[in-house]
Amino acid sequence: MNVPFVDLKAQYASIKPEVAAAIDDVLERASFIMGPQVAKFEQAFAEYVGTRYCVGVESGTAALKVALEALGIGSGDEVILPANTYIASALGVSAVGAVPVLVEMDDAYLIDASAVEDAITARTKAIMPVHLYGQVVPMGPILEVAARHGLRVIEDASQSHGAFWQGARAGSIGDIGCFSFYPGKNLGCYGDGGAVVTNDETIAERVKLLRDFGQKEKYHHLIKGDNCRLDSIQAAVLDVKLRHLDSWNASRLQNAKLYDELLAAAGFPVPKRHSDDGHVYHLYVTRVLNRSDVQARLSERGVQTGIHYPIPIHLQPAYAELGRREGSFPRTETAAREILSLPMFPELTQEQIRYTVGALTEVARPAREAAPA
Ligand SMILES: Cc1ncc(COP(=O)(O)O)c(C=O)c1O
């Protein structure tokens, strides 16, 4: 049997006529840049997330960058974020000249709220919780620390489209939410794409200027903006796919439940989480001891897996300047050696899940650190 890690072709097959019509509409109107499809998707996504505004941009990294810029965060400022995230979270901070200050993760792979306060200095301007793997960070303690220290909260919701915490969708809880629509995300387009969501009109207006050369009116440049717009074809695709997101997320949840059952029965760690409520399982992460061997042997059996992420940010050459060494964030580092992301996408079948877990039990030794929850 063949079990891909993600199967974007299967998803495309299920929505092909809708996507074709949406793309054709852009082509017929030749409305490639800032066409009506962009505003249409922005409105639909704002409504979905539960914010007053959504501004489409060219990628998740661009979303983080313009969000920070819109908040006036720049050179010499510090932003606190988890060591366990994709490097783009930190790159967004670096892109505006600010310093990413990393903190340890909790048992559920998310920013450890108790470590945040210790990392605050006179230069701290914001906290960036990352809703990793599809689970929203428990936001109560983060919002409380932010309020007490007068800090902004920027949610990196790139892996959690549709996830929620206490009834609020990822991205709608802090000052600004940032999304990536990279093709493999729960809501992904057919190229690069991203968005910023907020309830604050001033921030939304600023982000609109920043994404489009600083202009509100053509050739009238109010500030030195960038060119990082969401293009109309991607917006049209996203508008179609947004209508399916809840049902796709529900399928992911079903798949996760079956993985939980089968893995727990086989003595493998199921992902630790704060709550199943609102989790959208962008990734399903277990832990094994002999990982590189496991990946190769699973691959021989037709099962593709991923690692999110094998080298923590503070141990990447790109961030040598942070002066952090091995041992700085032991939980993050141990996880980086053991985590293994199993195939996860809405169209994954029960047979494929059973086959994957069967193959895993043949080739892997479960990690000790993370006992089944
Ligand atoms: C947590 C996180 N933040 C930021 C990004 C960056 O998004 P993009 O690849 O669209 O720039 C990604 C995805 O790649 C991500 O997973």
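Counting starts at 1 for both ligands and their atoms, in listed order.
Between His161 and Tyr48, the distance from one ring center to the other does not fall under 6.0 angstrom.
Salt bridge absent: Glu42 and Arg229 never bring a charged side-chain N and a carboxylate O closer than 4.0 Å.
Here the protein heavy atom with the shortest distance to atom 11 (O) of ligand 1 is Thr61 OG1, 2.6 Å. Among all non-hydrogen protein atoms, the one lying nearest atom 5 (C) of ligand 1 is Ala88 CB, 3.6 Å. Counting protein heavy atoms only, atom 1 (C) of ligand 1 is closest to Asp156 OD2, 3.5 Å. The closest protein non-hydrogen atom to atom 13 (C) of ligand 1 is Lys185 NZ, 2.8 Å.
Counting heavy atoms from C-beta outward, Ser59 and Cys228 have side chains that stay 4.5 Å or more apart.
Using a 4.0 Å cut-off to heavy atoms of Val130, the atoms of ligand 1 that qualify are 1 (C). Heavy-atom proximity to Gly60, at under 4.0 Å, picks out these atoms of ligand 1: 7 (O), 8 (P), 10 (O), 11 (O). Close contacts of ligand 1 with Thr85, meaning ligand atoms under 4.0 Å from a residue heavy atom, involve 1 (C). Near Gln159, meaning under 4.0 Å from one of its heavy atoms, ligand 1 places the atoms 1 (C), 16 (O). For ligand 1, the atoms closer than 4.0 angstrom to any heavy atom of Ser59 are 10 (O), 11 (O).
Aromatic ring orientation, Tyr284 versus Tyr259: parallel (interplanar angle below 30°, classes split at 30° and 60°).
Arg324 CZ to His314 NE2: the interatomic distance, rounded to the nearest 0.5 Å, is 7.5 Å.
Geometrically, ligand 1 and Ser180 share a nitrogen or oxygen pair separated by less than 3.5 Å.
Between Ser89 and ligand 1 there is a heavy-atom distance shorter than 4.0 Å.
Looking at Arg152, its side chain never comes within 3.5 Å of a backbone N or O of Asp175 through a donor-acceptor pair.
For the side chain to side chain contact (heavy atoms under 4.5 Å, CB included) with His282, the qualifying choice from Met344, Gln159, His308 is Gln159, the only one to do so.
Hydrophobic clustering keeps Tyr12 apart from Leu238 (ILVMFWY residues linked when any side-chain heavy atoms are closer than 4.5 Å, directly or through intermediates).
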